[in-house]
Amino acid sequence: MALEWSPGSWRGLPALQQPIYPDVGALRAALQDLSELPPLVTSWEVASLKSQLASAAAGKCFVLQAGDCAERFADCSSKRITNQIKILLQMSLVLVQGSKKPVVRIGRFAGQYAKPRSADFETVDGVELASYRGDLINRNEPTVEGRTPDPQLLLRGYERAALTLNFIRALVKGGFADLHHPEYWDLDWTRHSPQADEYHRLLRSITDSLRFMENILGAPAGGSDRIDFFTSHEALHLGYEEAQTRRVPHRPGWFNLSTHFPWVGIRTASPDGAHVEYMRGIDNPIGVKVGLATKPEDLLRLAKILNPANEPGRLTLIHRFGAERIREGLGRLVETVRGEGLEVLWMCDPMHGNTRTTADGYKTRSFAEIESELEQAFEIHGACGSILGGVHIELTGENVTECIGGARGLSEADLHRAYESEVDPRLNYEQSLELALLVADKLGRG
Ligand code: PEP
Ligand code: CO
């Protein structure tokens, strides 16, 4: 590990999952352009999220981190963005009602454009091609040209992130997230889905309580019209992250101002790797994915490197084991954290340990396994005396058929109907709400 940190000190260490650009001069020019463009988020928003994550670690609020596995540039549209915001608002409403606590919303959006891949190459029709690594890096079309990393896409990604965030901020500021008007968030299904009745019952109870409060106060309940969304993405392409790492005038330190909450994926979380080196020097709250491959001694090293001051809210551990392995893996990580008195926020990602491929070649996940991993996560944390402070979900506000199961009983035979994801399978809007009802139920009992 380098002694002196700088936004570029990661360059001296092994950096996994980085694309190889044929024209290094063009890459350098694109990163230079990026480093001169304005930031997407501000350091005070970042600091506010850090203190909210510290509250979540203490069990005072609950975090919903959710969104696409990979955003596509083509999905940067009014309908897609509003549908994503609607499902997040609906889920958080359900969670607030169940947990009786504030919910912190973090989207996997406005920057979730780069994907780690298990294989660098794939063979399509007998031709060996570089893998698609997300719209920030190359194109999904299976041609040599399409798969060649293009540095201009880094700038297109920054612009799409800015457009997305601009629209979300305007929606929120304009009253779209106002609790007095949950009807703004209706998706088509709100009339005819298996969860519709339960959702509307919850909605009525919340709006009734709000009106009751306001009658007593004689004034609008503070903040019910101002709901925050924070952004997050996997900090994968280190050049892109470095170019958006800045100092600010009235606060010490360095901030990644491309997002509020960057996280390190499981494939790049080695304590000796370039990603961890980059993350240690920024002042944002950060996440690290952990799973079966994470040894307790690695976890200790990671915590020392990434949070040497043991600052609450700084480090979130997002665990992803799979329904069949969580019992074997989670307890020992929780014990390690407790034994050393480490301040961490625990979040459960019940998606990434439960991915499999069907005989027809579809990547899918079963709702039952996702539900089972979440239930076990609550149980194991409860038994170890630690707090599960959030969930990390891959979902979409669209009516896709990518995960099987749920109240509508989607089967493998349904997958071809509306399978859109170019990477991991996401819960559709009904399955997402069903999952929120389930988590709300757990939180309500806890
Ligand atoms: C992801 O969150 O999309 C992802 C790739 O997760 P992980 O690093 O846990 O595999
Ligand atoms: Co994913």
Side-chain angles (χ1 to χ4, degrees), residues 15-19 63-72 75 84 106-120 131-137 140 157 231-238 241 259 261-271 273-276 278-279 286-294 298-299 302 306 315-323 325-326 329-330 333 346-357 362-366 369-370 373-374 377 390-396 400 402-403 419-428 431-432 435:
L16 300 181
Q17 300 282 341
Q18 303 306 290
V63 182
L64 171 64
Q65 184 181 14
D68 279 310
C69 179
E71 291 176 282
R72 297 178 300 191
D75 290 340
Q84 197 80 321
I106 307 178
R108 281 176 66 117
F109 53 48
Q112 178 54 14
Y113 297 119
K115 294 307 298 173
R117 300 315 303 248
S118 304
D120 287 339
S131 297
Y132 168 62
R133 291 182 176 275
D135 284 2
L136 193 69
I137 315 295
N140 197 23
T231 65
S232 66
H233 65 249
E234 179 173 347
L236 186 64
H237 188 294
L238 290 172
E241 305 302 330
T259 190
F261 183 59
W263 81 84
V264 188
I266 200 127
R267 291 168 189 77
T268 50
S270 159
H275 289 79
V276 168
Y278 167 75
M279 296 294 263
I286 57 172
V288 179
K289 294 279 198 99
V290 295
L292 278 179
T294 315
D298 289 341
L299 185 59
L302 281 171
L306 294 172
L315 182 59
T316 297
L317 298 177
I318 308 168
H319 55 76
R320 32 88 88 216
F321 290 97
R325 314 293 293 275
I326 184 169
L330 179 57
L333 296 189
W346 289 106
M347 281 178 71
C348 174
D349 164 359
M351 314 298 293
H352 287 89
N354 292 311
T355 318
R356 62 186 177 79
T357 306
Y362 285 104
K363 243 181 162 188
T364 192
R365 292 166 172 153
S366 110
E369 285 184 343
I370 294 168
E373 180 161 0
L374 260 175
V391 289
H392 180 115
I393 311 286
E394 284 184 349
L395 54 73
T396 170
V400 298
E402 297 172 6
C403 293
Y419 198 103
E420 284 187 12
S421 177
E422 281 156 3
V423 273
D424 291 341
R426 303 157 298 174
L427 296 179
N428 63 26
Q431 292 168 329
S432 302
L435 198 74

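Please read these numbers as outputs of a predicted model, since none were measured by experiment. In what follows, every heavy atom counts, from backbone to side chain, and hydrogens, waters and symmetry copies are set aside. Whatever order the structure lists ligands and atoms in, that order sets their numbers, starting from 1.
By the side-chain contact (heavy atoms from CB on, under 4.5 Å) test, Ser421 pairs with Glu402, Tyr419, Val423, Arg426, sequence neighbours left out. By the side-chain contact (heavy atoms from CB on, under 4.5 Å) test, Asp120 pairs with Arg133, sequence neighbours left out. Partners of Leu292 under the side-chain contact (heavy atoms from CB on, under 4.5 Å) rule, at least two apart in sequence or in another chain, are Phe321, Arg325, Glu328.
Using a 4.0 Å cut-off between a side-chain N of Lys or Arg and a carboxylate O of Asp or Glu, Glu394 and Arg365 qualify as a salt bridge.
From Leu238, atom CG reaches atom OH of Tyr278 across 8.0 Å, with rounding to the nearest 0.5 Å.
Here the closest heavy-atom approach between residue Leu427 and residue Gln431 is recorded as CA-OE1, 3.5 Å.
When side chains are defined from C-beta on, Ile266 counts as touching Arg320, because their heavy atoms get closer than 4.5 Å.
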Extract all N/O-N/O pairs under 3.5 Å that connect ligand 1 to the protein, and present each with both atom names and the distance rounded to 0.1 Å.
| residue | atom | partner | partner atom | Å |
| --- | --- | --- | --- | --- |
| ligand 1 | 2 (O) | Arg108 | NH1 | 2.8 |
| ligand 1 | 2 (O) | Arg108 | NH2 | 3.4 |
| ligand 1 | 2 (O) | Lys289 | NZ | 2.8 |
| ligand 1 | 2 (O) | His352 | NE2 | 3.4 |
| ligand 1 | 3 (O) | Arg108 | NH2 | 2.9 |
| ligand 1 | 3 (O) | Lys115 | NZ | 2.7 |
| ligand 1 | 3 (O) | His352 | NE2 | 3.0 |
| ligand 1 | 3 (O) | Glu394 | OE2 | 3.0 |
| ligand 1 | 6 (O) | Lys289 | NZ | 2.8 |
| ligand 1 | 8 (O) | Ile266 | N | 2.9 |
| ligand 1 | 9 (O) | Lys289 | NZ | 2.8 |
| ligand 1 | 9 (O) | Arg320 | NE | 2.7 |
| ligand 1 | 10 (O) | Arg267 | NH1 | 3.0 |
| ligand 1 | 10 (O) | Arg320 | NH2 | 2.9 |

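Sorting the N, O or S atoms of Asp424 by how far they are from the Co ion (ligand 2) puts OD2 first.
The Co ion (ligand 2) lies at the vertex of an angle of 90° between the OE2 atom of Glu394 and the SG atom of Cys69 (rounded to 10°).
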